[in-house]
Amino acid sequence: MLAGLLVITAAGLIARPAASAQAAKPAQSRGDVELPPVSYVCPMTGDEDVIEDHAGKCRKCGMELVPIRLDSVWTCATRPLLVVASKPGKCPVDGTPLIQVTAAVSWSCKDKPSVNALEPGTCPDGSAMIKQYASRAHGNHNPQHGGVFFMAPDAWHHLEGTYLRSGIFRLYLYDDYTKPLPLNQAREVSASLFVKDAKTGKEAAIPLVRVGRSLQAPIGQHAFPAQMFAKVKFKPGGPEHRFDFGFDNYSKEPAKAPVATLTGMASMPAAGPSPSAGSPVAAAPELSAGVDPALVPLPIPETVPEMLAQLRTRTDQIRAFIDKGSFASIYVPAFQAKDLALALDEHTRELPAERRRIAAPAITKLVRSAWLLDAFGDIGNKQQISEAYVKFVEAANDIYSSFPQRP
Ligand SMILES: [Zn+2]
Ligand SMILES: [Zn+2]
């Protein structure tokens with residue numbers, strides 16, 4: 001019963017485009033810049049598997065194919081394409097192993113984002129064009145939680161099954177870009193898991209229950225290799241798909257390295273024996289984008305004045321990222337500001353009633369605007385980002401004025 005099953009690995013769909021295009025058109029070089037080959041793809045959603053090495057019409061829908069440069073790059077699983085490396089290594093933000101994704105490469109101008117050239121060149125203002133990476137639908141077929149990853153037969157949904165040490169089976173749901181399925185769509189999904197009982201040999205259907213954006217159920221302990229399958233309906237009344245999972249061991253989240261080793265990456269002395277030789281530091285990838293120290297997370301301080309001071313720093317960092325146009329980086333200080341606000345929330349009890357009436361809604365507002373900054377930062381809309389930042393600053397100012405600045 002493996003018929004409806006599609007197993008896509010990094011070596012499958014991802015590796016194909018570069019290989020097929022390579023034969024027809026060797027990578028060009030201009031100066032010392034190696035360009036990935038030009039491929040031709042269909043602009044129609046759902047036809048991402050149409051990748052040709054010559055211009056023409058889509059074999060599925062007949063639309064005119066468009067040229068694109070596809071490259072296979074290494075990046076952080078948690079934030080695809082924030083950092084791009086040419087070889088495996090560790091994510092400088094959270095220390096998890098880098099994953100390989102397919103991305104579209106193009107060149108653009110700082111003040112003219114509408115420029116989207118297939119080759120590097122010069123902008124109208126005389127500056128050199130900036131290389132940029134855009135994610136591709138189906139460009140990321142990596143498990144995000146150490147589980148077993150599948151693309152659904154509808155060629156749009158993706159999912160990942162994990163079997164946790166606690167005896168819980170959890171099913172993560174993703175869209176065509178391997179982003180978590182939006183909540184309103186996750187609500188539509190229904191699924192059951194079938195696990196064979198070791199003693200009776202009978203398969204029992206266990207309904208999976210939605211928790212946030214994933215579905216899960218306790219299934220108890222099973223001997224490895226543990227075989228099970230899920231029957232999943234992405235929409236009520238839609239077709240049911242079967243996905244077979246085999247677990248050789250419990251699923252583990254990608255390991256996060258201590259941030260201290262990562263900060264050391266930039267300041268590591270070149271010579272001299274290092275206690276961490278051969279560790280992530282030695283294997284540090286050549287990052288095409290320098291990692292801003294602001295992206296390195298800090299622990300939440302113990303005292304309220306320290307929390308407020310860190311909140312000011314994070315607020316300034318968000319401002320700086322907006323000014324620089326580094327929208328994709330905004331989420332880091334925004335998330336940390338949110339964590340600081342939640343830590344401050346536990347101290348609102350210590351405030352007099354009239355100050356608490358200001359602090360409590362301000363914390364809610366800050367958490368919400370931090371979340372919006374993250375979301376709009378992803379989209380890259382400066383107008384929306386700036387509006388969310390105004391709200392964020394209003395909330396932060398209310399927080400500063402309601403908490404005592406000194407212990
Ligand atoms: Zn097409
Ligand atoms: Zn896919």
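All ligand and atom numbering here is 1-based and tracks the order in the structure.
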Hey, do the aromatic rings of F245 and F150 have their centres closer than 6.0 Å?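 Yes, close enough.
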
Is the Zn ion (ligand 2) less than 2.8 Å from at least one N/O/S atom of M151?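 So M151 does bind the Zn ion (ligand 2) by this criterion.
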
Which is the closest N/O/S atom of H138 when seen from the Zn ion (ligand 2)? ND1

Checking one value in my table: which N/O/S atom of H141 lies closest to the Zn ion (ligand 2)? NE2

Decide yes or no for C109 and I130: does some side-chain heavy atom of the first lie under 4.5 Å from some side-chain heavy atom of the second? no

With K60, which residues qualify under salt bridge (Lys or Arg N to Asp or Glu O under 4.0 Å), at least two apart? D47, D49

Within a distance under 2.8 Å of the Zn ion (ligand 1), the protein atoms of type N, O or S are C42 SG, D47 OD2, C58 SG, C61 SG

Between E64 and Y40, do the side chains contain an N or O donor and an N or O acceptor separated by less than 3.5 Å? no

In chain order, what residues pass the side-chain hydrogen bond (donor to acceptor under 3.5 Å, both in side chains) check against N184, with sequence neighbours excluded? none

Distance from E119 atom CD to S106 atom OG, nearest 0.5 Å? 11.5 Å

Return each pair, listed once, that meets ring pair (Phe, Tyr, Trp, His ring centres under 6.0 Å) where at least one residue sits in residues 175-201; pairs must be two or more places apart or across chains.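 The answer is F194-F229.
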
